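To keep things clear, I will list the structure first and then write my remarks on it.
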There are 2 protein chains.
Amino acid sequence: MIESEVFRALADPTRRAVLERVAAREMSVGELKSHFAVSQPAISQHLAALKGAGLVAERRQGRFAYYRADPTGITPLLSWVERYRAFWPERIEKLKDVLKGMDP
Amino acid sequence: MIESEVFRALADPTRRAVLERVAAREMSVGELKSHFAVSQPAISQHLAALKGAGLVAERRQGRFAYYRADPTGITPLLSWVERYRAFWPERIEKLKDVLKGMDP
DNA sequence: CTTTCTCATAAGTATGTACTTATATGTTGA
DNA sequence: TCAACATATAAGTACATACTTATGAGAAAG
């Protein structure tokens with residue numbers, strides 16, 4: 001299930017930090033690695049997980065791989081939250097509007 | 001970190017389903033169990049994880065334990081999403097309003 | 001008191017995950 | 001052509017997690 005993949009991808013703090021880096025701006029694996037205390041394969045593995053969850057996109061150029069966050073990636077998460085509407089009577093209505101404003 | 005606990009708690013599909021049940025209405029462990037194909041200890045363990053993440057609250061009455069979803073529990077998740085503001089220029093502003101409307 | 005119930009905890013197991021080092025794949029520049 | 005580079009993949013390891021069965025703790029009912 002895609003929902004589970006997104007939640008699982010975000011459950012790891014290092015992976016969230018990686019996502020936040022590539023959300024700030026597109027970045028190569030090497031530059032990304034320079035910000036973390038883990039090996040290059042670990043970064044590549046985190047990126048693969050984020051990509052599998054639809055949270056990042058990849059652009060290949062020569063021997064470099066540039067990653068950036070995909071803004072549509074957290075949609076499944078927001079959709080899941082939206083399903084709490086019955087539980088959160090009024091508050092959730094505004095979130096619904098946010099979802100409508102997003103690309104489908 | 002509480003963020004990680006929330007994401008980890010929600011990463012498991014059974015646990016999300018449990019949370020959705022107790023979000024619909026307060027329920028005892030036994031009744032909750034009747035909706036799932038896992039053992040009673042498994043349900044208790046899922047509830048302990050959800051409680052640890054602040055997603056459910058417990059009410060004890062005699063030999064029964066009643067669980068209900070805690071609406072403030074997903075706040076860390078929404079706060080994390082809100083930190084994407086720089087990445088999602090306009091869309092996220094509305095989500096910010098949602099957070100303001102919530103109990104702190 | 002003792003049995004029955006509701007639930008939590010303990011202990012064991014199989015699978016998943018986050019990392020490592022080593023190596024493979026493909027690209028560039030000397 | 002080939003050596004250095006950037007990244008991905010493979011394989012191994014330590015720890016986490018999702019389950020199980022067995023048992024413990026407390027409340028209710030006989």
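Chain A is the first sequence line, chain B the second, and so forth, proteins listed ahead of strands; every chain is numbered from 1. Since the model is a prediction, treat every value here as computed from it, not as a measurement.
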- Donor-acceptor pair, side chain of A:Arg21 and main chain of A:Glu26, under 3.5 angstrom: no
- Query: Would you say a side-chain N or O of B:Ser39 is under 4.0 Å from OP1 or OP2 of D:dC19?
  - Reply: no
- For A:Ala11, does its backbone N or O pair with a side-chain atom of B:Arg8 as donor and acceptor, under 3.5 Å? no
- Query: side chain to side chain contact (heavy atoms under 4.5 Å, CB included) between B:Glu3 and B:Leu77: does it pass, once the steps are laid out?
  - Reply: CA-CA 6 Å; B:Glu3 261 171 24; B:Leu77 187 152; over 6 Å; no
- Note on the structure: Judged by nearest nucleotide, the residue sitting upstream toward the 5' end of DNA chain C, A:Gly62 or A:Ala37, is A:Ala37
- A:Arg8 CZ - D:dA18 P separation (whole Å): 10 Å
- Below 4.5 Å, heavy atoms only, C-beta onward: do B:Ile43 and B:Thr14 meet side chain to side chain? no
- Query: Heavy-atom contacts under 4.0 Å between residues 45-55 of chain A and DNA chain D, which residues?
  - Reply: A:Gln45
- Quick one: A:Asp12 CG to D:dC15 P, roughly how many Å, whole number? 17 Å
- Task: Take atom CD1 of A:Ile43 and atom P of C:dT20, then tell me their distance rounded to the nearest Å.
- Result: 9 Å
- Task: Specify the closest pair of heavy atoms between A:Ile2 and A:Gly52, including all atoms of both residues, with the distance to one decimal.
- Result: CD1-O, 4.4 Å
Show each protein N/O and nucleotides 3-7 of chain C N/O combination with a separation under 3.5 Å, one pair to a line.
unit_1	atom_1	unit_2	atom_2	d
C:dC5	O4'	B:Arg63	NH1	3.4
C:dC5	O2	B:Arg63	NH1	3.2
C:dC7	OP1	B:Val29	N	3.2
C:dC7	OP2	B:Gly30	N	2.7

- Message: Can you measure A:Arg15 atom CZ to D:dA16 atom C1' for me and round it to whole angstrom units?
- Response: 13 Å
- B:Phe36 has an atom CZ; how far is it from atom P of D:dT20, in whole Å? 13 Å
- Task: To the nearest Å, give me how far apart NZ (B:Lys33) and C1' (D:dT21) are.
- Result: 13 Å
- Task: Calculate the interatomic distance between A:Arg59 atom CZ and D:dT7 atom P; express it in whole Å.
- Result: 12 Å
- Task: Measure from the side-chain N and O atoms of B:Arg15 to the backbone N and O of B:Ala9, and report whether any donor-acceptor pair falls under 3.5 Å.
- Result: yes
- Message: What is the separation between atom CD on B:Glu5 and atom C1' on D:dT17, rounded to the nearest whole Å?
- Response: 14 Å
- Task: State whether A:Thr14 places a side-chain N or O below 4.0 Å from either non-bridging phosphate oxygen (OP1 or OP2) of C:dC19.
- Result: yes
- Message: Is the shortest side-chain heavy-atom distance between A:Arg68 and A:Glu58 below 4.5 Å?
- Response: no
- Message: Does the plane of the ring in B:Phe7 sit parallel, tilted or perpendicular to the ring in A:Phe7? Use 30° and 60° as the thresholds.
- Response: tilted
- Query: So, does A:Arg16 use its side chain to make a donor-acceptor pair with the main chain of A:Leu10 at under 3.5 Å?
  - Reply: yes
